[in-house]
Amino acid sequence: MQDHLDELESKTIYILREAYNRIKPLGMLWSIGKDSTALLWCIRKAFYGRVPFPMIQLDTGMEEDEVYEFRDQLVKEWGFELKIEQCPPEEEMDQTLPPATRAAARKTEGLKNLLAREKYKGIIVGIRRDEQSMRAKERVFSPRRFDGTWNYKDQPAEFWDQYKTDFPEDTHVRIHPILHWREIDIWRYTQRENIPIVPLYLSRNGMRFRSLGEKNITFPIKSDASTIEEIIAELEVTKTSERAGRSMDSETEDSFERLRQSGYM
Amino acid sequence: MTDKKEKTGAEKVGVVIVGHVDHGKSTLIGRLLHDTDSLMDGKFEEVQASCKRRNVPFEWSFLLDAFQAERDQAVTIDTTQIWFKSKKRPYVIIDAPGHREFLKNMISGASFADAAILVVDAAEGVREQTKRHAYILHLLGLRQVVVAINKMDSVGYAEKRFNEVKGEVTEYLSGINIVPQAIIPIAAREGVNIATQSDKMPWHKGFSLLEQLDTFSPAAPPVEKPLRFPVQDVYRFDGRRIIVGRITSGVVRKGDTLLFSPSNRSATVTSIEKWNAPHDILSAQAGESIGITLDQPIYAARGDVASHAEQAPMLTHDFRANIFWLGKEPLRAGKRYKIKLATAEATVTVQSVDRVIDTGDLARTEKDFVAVNEMAVVTFHSRETVALDPFADNRDTGRVVIIEHQDVVGGGIVNMDGLADLRALRQATQENLTAVDHLLTAHDRAVRNGHRGMVVWLTGLSGAGKSTLAMRVEHALHTKGLQTYVLDGDNVRRGLNADLSFSTKDRSENIRRIGEVAALMADAGLIVITAFISPFLVDRRAARVAAGGSFHEVYVKADLDTCEKRDPKGLYKKARSGAIDDFTGISSPYEPPETPELVVDTAACDVDDCVGMIVDHVLENAQELLQKNYKEAAAER
Ligand SMILES: Nc1nc2c(ncn2[C@@H]2O[C@H](COP(=O)(O)OP(=O)(O)OP(=O)(O)O)[C@@H](O)[C@H]2O)c(=O)[nH]1
Ligand SMILES: [Mg+2]
């Protein structure tokens, strides 16, 4: 009998194998956080220990030191291909965006540069529906237009595990294999499978990161959860949303929508 | 500490909220979340601020309608899913748009549901999308339906009006075989009868909406149904061939003999593969993503469905489907589409539009096209043989998605009433064949020879070394006591294919005949080695099909430069000078094998090594299986 986590995992593996079979070339955005690392683990499961396409880090140089250390350690241990894409500076962003949103937009631009250069047809991203109400409306295979933007007012029909896998030239598709997972599922899975995590998720001096992002726009929350077990217990009762520590989500009502529409993850 | 039910997952229920535009679906969900204290901190205030900014009274629907465009126009555009937990169990609540323009989004959401709540405005009563949505629930196979008659506040909580609307809904639903589990009066915006029973309508004796949710049952994975394992991909890792996919129904066990349809080949499961599994996996069931290895290298590919032989899917070129159509251009008789059926794809022609259903009055209209958002019954003809099940027998292998210009434009459930299953026909022919074969089996021949028959198909550029290798391998095998024979240009072109020219068509026929002859010789027990450029994938695939499980493709690899330098027969020189047309590698393409059984690189290894590799491969495959067969035969006795 499959339990809840097995069910989530099986679906994710199915999506990954569809992507690998139908879309070439593929790459995955690995943010080094808990979600994309759990997803990377699922990739190893789907492909019998292999990671058959590159992991890509959109680097702003603004991650915490522990994040970079963890990254290098895992690449060494698991032996997969990592590509690091340096994102353009903040001065080059749309200046009408509010400050934190503008800082986040650097990743969108980094991604655009990468796509223009490497011609990826599929980009795997570890976003989840329960993170954010805009992401809750995503498709598993979500096409992007020529300029990389998301046409959220006219998304393709997607049902019965049949995904849109054919696209016009010069466009790409975002693939979201863990859209159906929740934050607590990720932690239970990380615990069960013994997946390594950046230590910043665990409480030190009464503070921990619930969501990891760049130093300038992500903040730790008050928490005493210093083990995964305790994180799970915390999430079972919490009323604080996961991305409360991400300033770009709530700067203005539409800031996150503008970010996503222009191609943010 | 952790919730057991949630951990087992068996209890999770997906519920979709459907109904006509503006009848209060999103409001209902927003209110349900609020009244059960399921909202994150700050969410309520965020919506309050958003409404204030727009100068509108508080809208619960904004909790779901997150896009600016949705809030500005007060309409849901796309479906959304949120988690919610009652005291009894977790739910995935799916909001669906009611506007007809977004029907594709409604279906995208509803397809995830185990149960549905059909919302009807008490003042407006049953409207166009109320009916269409109900009909779609029926097509999606959803049988657990509750009706919520909303906005009872706007009709003064009157029992009389409730009964009128109730009558209207029940009548329509009975026409499409839906019997609602309950019909509840509510006022979503006011929180009446949502999470708690209310005293506003003392005449209503039933449950609140939340209590009603808890009466739904989760849809269990179809473990009891016959096995269906659609092949998603074939991986060759570590020299092993792993066939991967997700089981859609039934159970597969290690040691099971599986039949692959439509290719109609069988092999036995030697292992069930999951990475990092703590122990040997003996069985796997519906819902699991797995890999399997087989005892024979049969040609199974994406699109095949594995089953047990006794309960195989139907094989057909013709099938009928009850469809919903989402394409902007109408579906018409005679038009061609691509369909997806589990992992298979096929090209189909619309044979006939049998009827178009007006979801308004359920009347059948006689016309030969289906317009956007219409439902219809359509007969399709497929060029390729497809393996499928009637939807009533098996869900996942009984529904098709229709594609036009790269987009999903429709979906339908299969109905095979009155149409023939080709398997019965094929089986009849097969029985005839085995009747002849009964006196002497391939196994008998293998026992006599000490090895099985097989086709070792060498392919590669001219000058790659095929002939040299073929002769050397033949010699080596002969020395080891195996029965073997080489087919190459010299002995084939002179007799069997003396009538063929070097035109593209005749080259293809040349390879086809060689493939058939090689298959016959292998069947007679020989190890046949062929040495032809055979540049095209399709031709080699046909040869593979002819030889069944005993085909071994060996890619004799050498880059063009190397071959051209060798140029043993001076052919490259002639081709470069234009004296030979369509010369492979120069003026005609060579399509390298995608998944050969063996690759020998003659540019990188010396001849002895290459010969050794091929000989080892042959010995391993021709004899190992035999030894295994001996053991099995001994065990049977
Ligand atoms: N009087 C009254 N109005 C309600 C009630 N429930 C919802 N409404 C109002 O009906 C309008 C439509 O509500 P929504 O929840 O957006 O309707 P919907 O069914 O989600 O609409 P679509 O998703 O666009 O199809 C809003 O203005 C709500 O405030 C109710 O119980 N009573
Ligand atoms: Mg709505």
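Order of the sequence lines fixes the chain letters, A, B, ..., with proteins taken first and strands second; residue numbering starts at 1 for each chain.
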Quick one: which of Asp78(B), Val408(B), Thr80(B) has the most heavy-atom pairs under 4.5 Å with chain A, could you say? Asp78(B)
Counting heavy-atom pairs closer than 4.5 Å to chain B, which one of His180(A), Gln132(A), Glu18(A) comes out on top? Glu18(A)
Is any residue of residues 153-165 of chain A within less than 4.5 Å of chain B by heavy atoms, and which ones? Lys153(A), Asp154(A), Gln155(A), Pro156(A), Ala157(A), Glu158(A), Phe159(A), Trp160(A), Asp161(A), Gln162(A), Tyr163(A), Lys164(A), Thr165(A)
How far apart are the closest heavy atoms of Ser10(A) and Ser289(B), and which atoms are they? O-OG, 2.8 Å
Salt bridge (charged side-chain N to carboxylate O under 4.0 Å, His left out) filter on Arg236(B), not counting sequence neighbours, yields none
Less than 4.5 Å apart, any side-chain heavy atom of Arg17(A) and any of Val244(B)? yes
So what's closer than 4.5 Å to chain A heavy atoms on Leu341(B): side chain, backbone, both or neither? backbone
Taking atom OG of Ser38(B) and atom NZ of Lys239(A), what is their separation to the nearest 0.5 Å? 7.0 Å
Is any NZ, NE, NH1 or NH2 atom of the basic residue among Glu253(A) and Arg54(B) found under 4.0 Å from an Asp or Glu carboxylate oxygen of the other? yes
Does any backbone or side-chain atom of Val400(B) lie under 4.5 Å from a heavy atom of chain A? Answer side chain, backbone, both or neither. backbone
Using a 4.5 angstrom heavy-atom cutoff, name the option from Ile403(B), Ile107(B), Asp233(B) with the most pairs to chain A. Asp233(B)
Within 6.0 angstrom of Glu169(A) CD, more than 12 heavy atoms from elsewhere: no
Which atoms of Asp37(B) are under 4.5 Å from chain A, going by heavy atoms: the side chain, the backbone, both sets, or neither? both
Between Gln2(A) and Gln285(B): side-chain donor-acceptor atoms closer than 3.5 Å: no
Heavy atoms from other residues, nucleotides or ligands near CD of Glu224(B) exceed 12 (cutoff 6.0 Å): no
Picking from Met134(A), Lys137(A), Arg139(A), which has the most non-hydrogen pairs under 4.5 angstrom with chain B? Lys137(A)
Any chance CD of Glu594(B) has more than 12 other-residue heavy atoms, nucleotides or ligands included, within less than 6.0 Å? no
Angle between ring planes, Tyr235(B) versus Tyr48(A), binned at 30° and 60°: parallel, tilted or perpendicular? perpendicular
Can you tell which part of Ala49(B) gets under 4.5 Å to a heavy atom of chain A, answering side chain, backbone, both or neither? neither
Who among Arg71(B), Glu46(B), Glu101(B) has the most heavy-atom pairs with chain A under 4.5 Å? Arg71(B)
So, the part of Asn276(B) with a heavy atom under 4.5 Å from chain A: the answer is side chain
Which answer fits Arg260(A), side chain, backbone, both or neither, if we ask what part of it has an atom under 4.5 Å from a heavy atom of chain B? neither
Give a yes-or-no answer on whether the side chains of Gln81(B) and Arg129(A) include a donor-acceptor pair shorter than 3.5 Å. yes
Looking only at heavy atoms, which two atoms of Lys43(B) and Ser133(A) are closest? And how far apart? NZ-OG, 4.0 Å
In terms of heavy-atom pairs under 4.5 Å, which option from Gln406(B), Lys104(B), Lys274(B) contacts chain A the most? Gln406(B)
Using heavy-atom distances under 4.5 Å, tell me whether Ile242(B) contacts chain A through its side chain, its backbone, both, or neither. side chain
Answer whether the closest heavy-atom distance between the side chains of Lys338(B) and Asp166(A) falls below 4.5 Å. yes
What residue in Leu140(B), Leu63(B), Thr79(B), Ile77(B) has the most heavy-atom pairs under 4.5 Å with chain A? Thr79(B)
Measure distances from Leu103(B) to the heavy atoms of chain A and classify the residue's part below 4.5 Å as side chain, backbone, both or neither. neither
Gap between atom CG of Asp41(B) and atom OG1 of Thr238(A) - 0.5 Å precision: 7.5 Å
Contact class of Arg302(B) relative to chain A, heavy atoms under 4.5 angstrom: side chain
Is it the backbone or the side chain of Glu70(B) that comes under 4.5 Å from a heavy atom of chain A, or both, or neither? side chain
Spatial distance of atom CG (Asp185(A)) from atom CH2 (Trp83(B)) [nearest 0.5 Å]: 6.0 Å
Would you mind checking which part of Ile82(B) comes under 4.5 Å of any heavy atom in chain A, side chain (CB onward), backbone (N, CA, C, O), both or neither? neither
Ion pair Arg22(A)/Glu345(B), N-O distance below 4.0 Å: yes
Given heavy-atom pairs under 4.5 angstrom as the criterion, report whether the side chain, backbone, both or neither of Thr76(B) touches chain A. side chain
Relative to chain A, which of Asp65(B), Ile290(B), Leu326(B) shows the most heavy atom pairs under 4.5 Å? Ile290(B)
So which part of Pro143(A) gets closer than 4.5 Å to some heavy atom of chain B, the side chain, the backbone, both or neither? neither
Could you tell me the separation between the CD atom of Gln261(A) and the CD atom of Gln68(B), rounded to the nearest 0.5 Å? 10.0 Å
Residue pair Thr343(B), Tyr14(A): steps toward the side chain to side chain contact (heavy atoms under 4.5 Å, CB included) verdict: CA-CA 11 Å; Thr343(B) 57; Tyr14(A) 185 80; 3.9 Å; yes
